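The structure under discussion appears below in the form of structure tokens.
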Amino acid sequence: SGEWCPSKKGESVLGGKGAGTGRHNIEKILIANRGEIACRVMRTAKKMGVKSVAVYSEADRNSMHVAMADEAFCIGPAPSQQSYLAMEKIIQVARVSAAQAVHPGYGFLSENTEFAELCKQEGIIFIGPPSSAIRDMGIKSTSKAIMSAAGVPVVEGYHGEDQSDECLKDHAKRIGYPVMIKAVRGGGGKGMRIAHSEKEFLDQLESARREAKKSFNDDAMLIEKFVDNPRHVEVQVFGDQHGNAVHLFERDCSVQRRHQKIIEEAPGPGINSEVRKRLGEAAVKAAKAVNYVGAGTVEFIMDSRHNFYFMEMNTRLQVEHPVTEMITGTDLVEWQLRVAAGEKLPLMQEEILLRGHAFEARIYAEDPNNNFMPGAGPLLHLSTPPPDSFTRIETGVRQGDEVSVHYDPMIAKLVVWAEDRQAALRKLRYSLHRYNIVGLSTNIDFLLSLSGHPQFEAGNVHTNFIPQHHDELFPTKKATPPEVMCQAALGLILKEKMQTDAFRDQSDDKFSPFASSTGRRINICYTRKLSLLDGENVVDIAVSYNQGGSYNMQIQDKTFLISGEIVNEDDTVYLRSSVNGTVCKSRLVILDNTIYLFFPEGSAQVGLPVPKYLSAVSSVGMQSGAVAPMTGTVEKVFVKAGDKVQIGDPLMVMIAMKMEHTIRAPKAGVIKKVNFQEGAQANRHAPLVEFVDEEAESK
Ligand SMILES: *[C@@H]1O[C@H](CO)[C@@H](O)[C@H](O)[C@H]1NC(C)=O
């Protein structure tokens, strides 16, 4: 059936032939963004022969998107307000560089009406919809009213002033049971009840009012259709300046944490072609209702019987657009550029065909075991599965780069495609295992347990998936098996041997029995005691060297016969080992007193004991507790030396990854020293505040 590749249909006016009326020659675009999406847009620009101009903050000077661009301009300091959100500066760069169009990516200025207007005034093409569409879709009540008028199903509700029992009950009946009764000022589930039938309505209403009164001192209620275990299903739409609009099928983005998507797929699992058709038609209706131009996404909430209701429209290219590209064989950034240039849509609805299944997993610098706390830091080691036509790695960072505290902590999007869902899921897991990162915590292992969950495999996804399957998704950490500890020991010994061998080439008298397989003293039986760390636990391994290159390793009462070698393939170091006859190949990285082993079925970290003087230093900060939970900027300092604080008193506010964290006193005491000023950057685990120690105090 030939090659499945981006559409070549349609005649381009880009970077070439003259422009007719309403058509523009786009030869150079400015990308008002950073990271993976800036790189993604540039790749298509390059393919089309369009020059790209990057803008960057001081923190991004050496970043990948700057390196990829044809021209790059620094637009200010790291905080986005002073760089990526500084409209005037960006417009100025567009003027200076003579870029005809601006691609806003997602986030930042992509849904900013003012910026779209500003571009227009300057005669610069904003690659996105008209500012009126951005404005209308940005206001929830307006967008719902427009969609409702256009015949798009919306979640029915009552948000009125009249709070009488009769009025609320009448609306519940109109909306249809089950309904949700919600406190207008509600939050965190307080003042919220479900009424399954008219019979229980008044009781539930009273109960919700009582709770709301207690919690918010306000018992005003709203009524909404209740959607049980909802799914988040969205449809990709595209419009052109000639009044055409098409859809490119749906994506399911139900699996979320902290209200952010982590695995997306297309098409939606279990959605039949009849529902798919209705979804697509509703989305096109929505796009036409606002004269939509460019790439947009219509989000629906879907119940267990596949009824769906409009939630909102995102007037930009979405993070997860690649899964749509994979199942339709399109390049949506190319479409955006063509449409912006005034061309007609490259394909008509009947020409857009769905093939196969695609997944996207978002790889984040974060700690799933600590409520998905965002992280930052250097990517000391980064190896990825090799990209091919069906495996895409969308990223803006390379090994050695840093995930900055100033921006989104996403490291990469791993996108895979296969003929069907099962095959695509297998490919996803295979590729995730080969995505190996050292230097900061990532969600890769969590993505593996998520994508391997039987209910995920069955396609039973909904927005409550992670809380519902919490226990299985976060298994309590077990001890590292002794076989793996042996492999870590072997990796360490072989690495040492390589280094000693290299050293011995220069000075021939150095000799270690563990560092050599040849030598004079080979008949002497040596036993070396290695102490490795499995989490907090010290594991002692007695290693003895056998003739012929193998080792005996004893852990407690178990003995293993182990042999192996270190091999280099494609710049990556692997450890091949045989433990009592079981052979295994794993990626080996030794960095920062830690041995990392990446196996096909998971990864292991084994620590080398840290010298005493070092651990003493770090435990001071840890015990006092007033340490930076993550790398970030100190926003506010509430205390100074000499202040007396009670346990739980706020000491500082830190900002990292756009989130605020209040650092509280871990104990009562007197502040001895404040280590960071407002505006300073603190690394993860840095002691922020020191306490006068109690003994000194009592003297
Ligand atoms: C591994 O093999 C050795 C030698 O054959 C044997 O003595 C030992 O018990 C085996 N260890 C385990 C844990 O099975």
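The structure displayed is predicted, hence computed values, not measured ones. Quick note: numbers below take in every heavy atom, side chains included, and nothing from hydrogens, waters or symmetry partners. One-based numbering, in listed order, for ligands and for the atoms of each.
- Remark: Phe465 engages His453, His469 in a ring pair (Phe, Tyr, Trp, His ring centres under 6.0 Å) (not counting sequence neighbours).
- For the pair Arg258 and Phe372, the cation-pi criterion (under 6.0 Å, within 45° of the ring axis) is not fulfilled.
- Remark: Glu320 does not engage Lys413 in a salt bridge, criterion side-chain N to carboxylate O under 4.0 Å.
- At a cut-off of 3.5 Å, with distance as the only test, no side-chain donor of Ser404 or His406 sits close to an acceptor on the other residue.
- The list of salt bridge (charged side-chain N to carboxylate O under 4.0 Å, His left out) pairs with a residue in residues 384-399, not counting sequence neighbours, reads Arg43-Glu394, Glu325-Arg392, Asp388-Lys427, Arg392-Glu394, Arg398-Asp401.
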Please list every donor-acceptor pair under 3.5 Å in which a side-chain atom of residues 559-569 meets a protein atom from a residue at least two apart or in another chain.
residue	atom	partner	partner atom	Å
Glu569	OE1	Lys585	NZ	3.2

Are there any N/O pairs under 3.5 Å between ligand 1 and the protein, and if so, what are their distances?
residue	atom	partner	partner atom	Å
ligand 1	2 (O)	Asn580	OD1	3.0
ligand 1	2 (O)	Asn580	ND2	2.5
ligand 1	11 (N)	Thr559	O	2.7
ligand 1	11 (N)	Asn580	ND2	2.7
ligand 1	14 (O)	Asn580	ND2	3.4

